[in-house]
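Take a look at the structure below.
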2 protein chains.
Amino acid sequence: MESNTTIKKRDSVATRAAILAAAHQRFLRESYDNVGLRDIAGDARVDVALISRYFGGKESLFREVVSNDARPNVFREPQSRAELPAYLARLMAEDEGDDLQERMEMFIIMLRSASSPKAGEIIRDLVHLDILGPLTELIGGDHGALRANMLLAILMGVGVLRTIMMVDDINDVANPDECMARFQGLFEAALSC
Amino acid sequence: MESNTTIKKRDSVATRAAILAAAHQRFLRESYDNVGLRDIAGDARVDVALISRYFGGKESLFREVVSNDARPNVFREPQSRAELPAYLARLMAEDEGDDLQERMEMFIIMLRSASSPKAGEIIRDLVHLDILGPLTELIGGDHGALRANMLLAILMGVGVLRTIMMVDDINDVANPDECMARFQGLFEAALSC
DNA sequence: TTCGCAAGTCAATAGCTGTTGATTTAAATT
DNA sequence: AATTTAAATCAACAGCTATTGACTTGCGAA
């Protein structure tokens with residue numbers, strides 16, 4: 001019987017995972033440029049050198065963080081164009097403990113580090129391939145790309161405003177459900193011209 | 001007669017202005033963290049030390065750049081809630097040489113550097129005081145704050161998508177005027193629930 | 001002309017960053 | 001038990017950053 005109370009040591013896959021998890025949390029709160037490898041290593045209780053060793057470098061680590069989180073993708077879940085507005089509105093509601101909340105985290109990580117030459121390039125590819133592509137396809141019809149951009153713009157704008165600019169009164173309606181309903185209406189408007 | 005072809009030297013207000021202009025252009029293209037004082041000094045053809053001398057430091061320089069650009073403010077121009085959608089749609093059109101284009105630059109500068117502890121704090125204050133405040137007041141009515149946030153979110157989202165994520169097909173409709181009309185419709189939707 | 005003060009220059013500082021090499025330690029294999 | 005192999009540690013590196021102080025230059029006033 002292997003004890004599960006003792007701390008596992010000399011386990012490369014465990015430390016790799018610990019680094020990845022710590023990096024995720026750090027990149028969620030700070031930008032690529034403002035996260036140091038020493039911060040991540042400290043959180044993961046791991047030597048700094050191991051990061052470059054296991055991941056090849058900061059850039060590769062970031063790539064792994066975002067591409068791990070990319071799937072299950074935000075826009076792979078909704079099945080039809082009709083359920084899109086309600087899905088996106090629910091996505092923004094961000095009830096604590098909600099399953100969807102962790103889907104939103106990839107968004108925040110992307111927004112935080114989008115300005116930063118190295119991280120930006122990675123993020124841009126991800127947005128085009130894994131987000132805008134599927135979303136455009138799902139919407140379809142006339143000007144599907146434009147409408148996909150509109151939806152994504154709203155989502156990103158709310159993310160920037162709420163998480164980065166720290167504007168908290170976006171949910172400041174008495175009834176949070178009402179707020180969600182209004183945003184659902186906005187998404188519907190974007191889809192129907 | 002003072003020659004205007006000779007380069008003015010030993011002119012403190014001119015070099016201050018040169019630094020400010022160079023800083024504006026740099027912060028427009030790169031984030032606070034990725035712009036070095038040496039870059040700015042190089043563009044302004046000025047010694048690096050003069051920046052800290054004249055502005056007190058990088059942070060103060062950035063504050064001066066954004067607060068100079070803040071007025072004339074984006075949202076001080078439209079007079080009534082009714083003309084807001086058309087105004088915002090025109091703001092996004094970004095026709096080269098347009099007067100409104102330079103109004104949009106403040107937005108880009110803010111979005112670029114929003115994630116960055118020092119610049120972020122400055123920007124957050126600006127958003128609350130100079131943008132969300134006036135806009136909420138202009139909109140008025142029920143849930144004016146929520147609607148102001150919606151409009152700002154759309155504006156920021158489009159800015160992020162277009163300028164930072166470099167998604168260029170936001171204007172890829174055959175007729176750019178048609179694209180503008182659609183966004184105007186989206187803004188109207190945000191105002192009317 | 002001379003003096004003084006402001007403008008501009010130069011060099012050096014301390015503090016950070018990611019990355020790498022050599023070294024030690026622990027686990028698994030023979 | 002001895003040996004090999006991988007994991008973790010440690011220390012140091014070179015490159016960058018903003019900022020500061022001392023120094024030199026030049027213009028304007030006396």
Side-chain angles (χ1 to χ4, degrees), chain A residues 1-3 6-23 26-27 29-65 112-113 115-122, chain B residues 1-4 6-23 26-27 30-65 112-113 115-122:
Chain A
M1 157 186 155
E2 46 168 317
S3 166
T6 53
I7 304 171
K8 278 204 282 186
K9 282 181 179 178
R10 289 192 95 72
D11 184 339
S12 69
V13 313
T15 62
R16 229 193 94 104
I19 291 171
L20 211 58
R26 278 283 176 176
F27 287 132
R29 321 267 170 206
E30 288 163 290
S31 81
Y32 182 85
D33 292 318
N34 293 106
V35 171
L37 291 188
R38 283 168 178 82
D39 300 327
I40 299 175
D43 292 351
R45 297 183 185 276
V46 150
D47 194 276
V48 206
L50 288 181
I51 300 185
S52 292
R53 189 124 296 176
Y54 281 155
F55 293 89
K58 188 182 184 183
E59 196 175 342
S60 308
L61 171 63
F62 183 81
R63 175 177 282 112
E64 196 139 333
V65 167
R112 274 239 145 81
S113 298
S115 337
S116 178
K118 298 178 189 173
E121 195 183 336
I122 298 171
Chain B
M1 156 186 155
E2 47 168 317
S3 166
N4 47 4
T6 52
I7 303 171
K8 278 206 281 186
K9 282 183 177 175
R10 289 190 95 72
D11 184 339
S12 69
V13 311
T15 62
R16 230 192 94 103
I19 292 171
L20 211 58
R26 278 283 177 177
F27 286 133
E30 288 163 290
S31 82
Y32 181 85
D33 293 317
N34 293 107
V35 171
L37 291 188
R38 283 164 180 81
D39 301 327
I40 300 175
D43 291 351
R45 298 183 184 275
V46 150
D47 194 277
V48 206
L50 288 182
I51 300 185
S52 292
R53 272 226 185 303
Y54 281 156
F55 293 89
K58 189 182 184 182
E59 195 175 344
S60 308
L61 171 63
F62 183 81
R63 175 177 283 112
E64 195 138 334
V65 167
R112 275 239 145 82
S113 298
S115 333
S116 177
K118 298 179 190 172
E121 196 183 335
I122 299 171

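Because only heavy atoms are used, hydrogens play no part in the values below, and waters and symmetry mates are left out as well, while side chains stay in. Numbered from 1 within each chain, the chains take letters A, B, ... in sequence-line order.
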task: Just compare C:dG8, D:dT19, C:dG18 and give me whichever is closest to any side-chain atom of B:Arg38.
output: D:dT19

- line: Taking D:dT9, C:dC10, D:dT19 as options, the one with an atom nearest any side-chain atom of B:Ala49 is C:dC10

- prompt: Given B:Tyr54 and B:Leu61, is the side chain to side chain contact (heavy atoms under 4.5 Å, CB included) satisfied, shown in steps?
  reply: CA-CA 9 Å; B:Tyr54 281 156; B:Leu61 171 63; over 6 Å; no

Check: B:Gly36 main-chain N/O paired with B:Asp39 side-chain donor or acceptor under 3.5 Å: yes

Rounding to an integer number of Å, can you tell me how far [X] [atom1] sits from [N] [atom2]?
{"X": "B:Leu37", "N": "C:dC10", "atom1": "CG", "atom2": "P", "value": "18 Å"}
{"X": "B:Asp11", "N": "D:dG28", "atom1": "CG", "atom2": "P", "value": "10 Å"}
{"X": "A:Leu50", "N": "C:dT24", "atom1": "CG", "atom2": "P", "value": "18 Å"}
{"X": "B:Asn34", "N": "D:dT17", "atom1": "CG", "atom2": "C1'", "value": "12 Å"}
{"X": "B:Asp47", "N": "D:dT20", "atom1": "CG", "atom2": "P", "value": "15 Å"}
{"X": "A:Phe55", "N": "D:dA7", "atom1": "CZ", "atom2": "C1'", "value": "15 Å"}
{"X": "B:Ile51", "N": "C:dT9", "atom1": "CD1", "atom2": "C1'", "value": "14 Å"}
{"X": "B:Tyr32", "N": "D:dT17", "atom1": "OH", "atom2": "P", "value": "13 Å"}

- request: Record whether the side chain of A:Arg10 comes under 3.5 Å of the base of C:dT25 through a donor-acceptor pair of N or O atoms.
  value: yes

task: Assign A:Val13 to base, sugar-phosphate, or nothing according to its heavy-atom contacts below 4.0 angstrom with the strands shown.
output: nothing

- request: Just say parallel, tilted or perpendicular for the rings of B:Phe27 and B:Tyr32, cut-offs at 30° and 60°.
  value: parallel

- request: Among A:Ser113, A:Ser115, A:Ser116, find the residue that satisfies the side-chain hydrogen bond (donor to acceptor under 3.5 Å, both in side chains) test when tested with A:Asp33.
  value: A:Ser116

message: D:dA18, OP1 or OP2 - any side-chain N/O from B:Ser52 closer than 4.0 Å?
response: no

field: Any A:Thr15 side-chain nitrogen or oxygen under 4.0 Å from OP1 or OP2 of D:dA8
entry: yes

query: Is any side-chain heavy atom of B:Leu20 closer than 4.5 Å to a side-chain heavy atom of B:Phe55?
result: yes

